[in-house]
Amino acid sequence: MKKFYSAAKYLFLLGIGIFILWLVFKGVDPDAIADGFAHANYIWVAIALSAGMLSHVSRTLRWNMLIAPLGFRPRFISAFAAIMLGYLANLALPRMGEVTRCIVLNRTDNIPVNKLFGTVIVERIIDLISLLLIVAFTFIMEFDRLKNFLSEQIGGSVQEKGDSFSTLLSPLNISIVVFVIGAGLFLLYMILRMKNPPAFIIKIRSLFEGFVSGLKTIRAMENNWLFILHTVFIWIMYFLMSYLCFFALDATDHLDLLAGLSVLAIGSLGFILPVQGGIGTFHWAVREALAIYDIDKTDGLVLGTLIHASQALMIILFGAICFLIFIYLIKKKAANEVPNLS
């Protein structure tokens with residue numbers, strides 16, 4: 001039954017992604033898309049993917065910094081393989097990557113999954129905060145363009161929506177939100193205090209304890225400044241992964257850094273949605289972000305597809321290599337041998 005549920009969930013989310021992709025490409029001339037790919041400069045795409053690999057290396061080093069205060073020091077090759085296999089899992093099922101990377105590192109380096117999961121949650125919170133800061137900075141720098149974009153997506157002008165926003169922020173609605181948050185925190189407190197809890201409560205406790213351990217690692221971490229530098233570097237590489245692809249197409253090679261920030265901010269929001277690998281949602285986000293800068297929507301789809309497809313192929317290729325590395329490490333572990341790969 002559990003396998004059937006997992007398969008049904010996978011097919012449902014995949015179906016949503018394919019449907020969104022169909023809507024995005026509906027009415028677009030396929031010959032124009034093919035022509036865009038035929039005339040693309042793939043040297044720039046390769047350079048962009050190199051930036052992507054550097055971000056994965058930096059993320060591995062940053063993750064090891066989060067794990068170290070817990071009393072474990074995983075090998076770089078093990079953590080890198082875990083991260084790449086996590087990305088590969090996310091292509092199959094949204095949010096599966098976080099669990100996969102913890103399981104992989106547990107199998108190779110015997111680190112408890114709940115402690116690893118706590119560090120991953122902390123990492124995700126930091127990434128979310130970073131993304132929100134980028135979105136806020138982009139909105140400030142490109143306020144007029146993005147204001148019009150939001151107006152078109154929501155419908156009507158921002159001024160016309162003023163009453164709606166006022167209603168949304170009414171005292172009643174704010175009270176409801178505060179009540180729901182308070183009730184949720186109280187429920188969590190009762191769960192953590194429960195005696196003789198059922199198995200699923202024990203699992204929730206274990207994950208929560210892992211999360212708390214992950215938060216504590218930031219305070220106990222050596223070289224906090226290096227952790228911050230890794231975070232900044234990762235997002236710079238994310239920016240370059242998309243911006244460098246601008247130069248692969250004649251239609252977008254004139255766009256400036258702010259256009260690249262807009263694509264990063266809006267495109268990342270497309271990846272956040274629970275669809276495998278951002279299928280459809282990322283293409284739509286890039287198309288709409290580029291439309292702000294008067295880029296034809298067909299050209300926007302070419303760029304979005306180029307970025308998405310190249311990154312997916314990179315993850316599949318290196319994910320497959322890392323799967324072989326994972327098998328190798330497991331066999332070495334079973335034979336009580338420690339490979340000198342770090």
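Position 1 is the first residue of the sequence, and the numbers go up from there.
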Original post:
Which residues pass the side-chain hydrogen bond (donor to acceptor under 3.5 Å, both in side chains) test with Asp296, sequence neighbours left out?
Top reply: Thr298
Original post:
How about Thr252 and Tyr293: does a side-chain donor come under 3.5 Å of a side-chain acceptor?
Top reply: no
Indicate every side-chain donor-acceptor pair of residues 228-237 with a distance under 3.5 Å to a residue at least two apart or in another chain.
residue : atom : partner : partner atom : Å
His230  : ND1  : Ser58   : OG           : 2.7
Thr231  : OG1  : Arg62   : NH1          : 3.0
Thr231  : OG1  : Phe227  : O            : 3.0

Original post:
Any side-chain heavy-atom pair from Phe323 and Met84 closer than 4.5 angstrom?
Top reply: no
Original post:
Is there side-chain contact between Leu85 and Val104, with at least one heavy-atom pair below 4.5 Å?
Top reply: yes
Original post:
Is the number of heavy atoms from other residues, nucleotides or ligands under 6.0 Å of Met53 CE greater than 12?
Top reply: yes
Original post:
Is atom CZ of Phe37 surrounded by more than 12 heavy atoms (other residues, nucleotides or ligands) closer than 6.0 Å?
Top reply: yes
**OP:** Give the minimum heavy-atom separation between Ser268 and Leu131, together with the two atoms involved.
**Re:** CB-CD1, 3.6 Å
Subject >> Those residues that, when tested against Arg287, pass salt bridge (Lys or Arg N to Asp or Glu O under 4.0 Å) (two or more places apart) >> reply: none
Original post:
Taking only residues two or more places apart in sequence, or in another chain, which ones meet Arg107 in a salt bridge (Lys or Arg N to Asp or Glu O under 4.0 Å)?
Top reply: none
**OP:** Please work out whether the ring planes of Tyr243 and Phe247 are parallel, tilted or perpendicular, with thresholds of 30° and 60°.
**Re:** perpendicular
Test item: [X] side-chain N/O and [Y] main-chain N/O as donor-acceptor pair under 3.5 Å:
X	Y	answer
Asp253	Phe246	no
Asp109	Arg75	yes
Tyr42	Ala248	no
Asp299	Ala251	no
Ser78	Pro74	no

Subject >> Shared-cluster residues of Leu128, by chain and number - hydrophobic side chains joined below 4.5 Å >> reply: Leu132
Original post:
Who else is in Leu313's hydrophobic cluster (ILVMFWY, side-chain heavy atoms under 4.5 Å, direct or via others)?
Top reply: none
Subject >> Connected via hydrophobic side-chain network under 4.5 Å: Val122 and Trp225 >> reply: yes
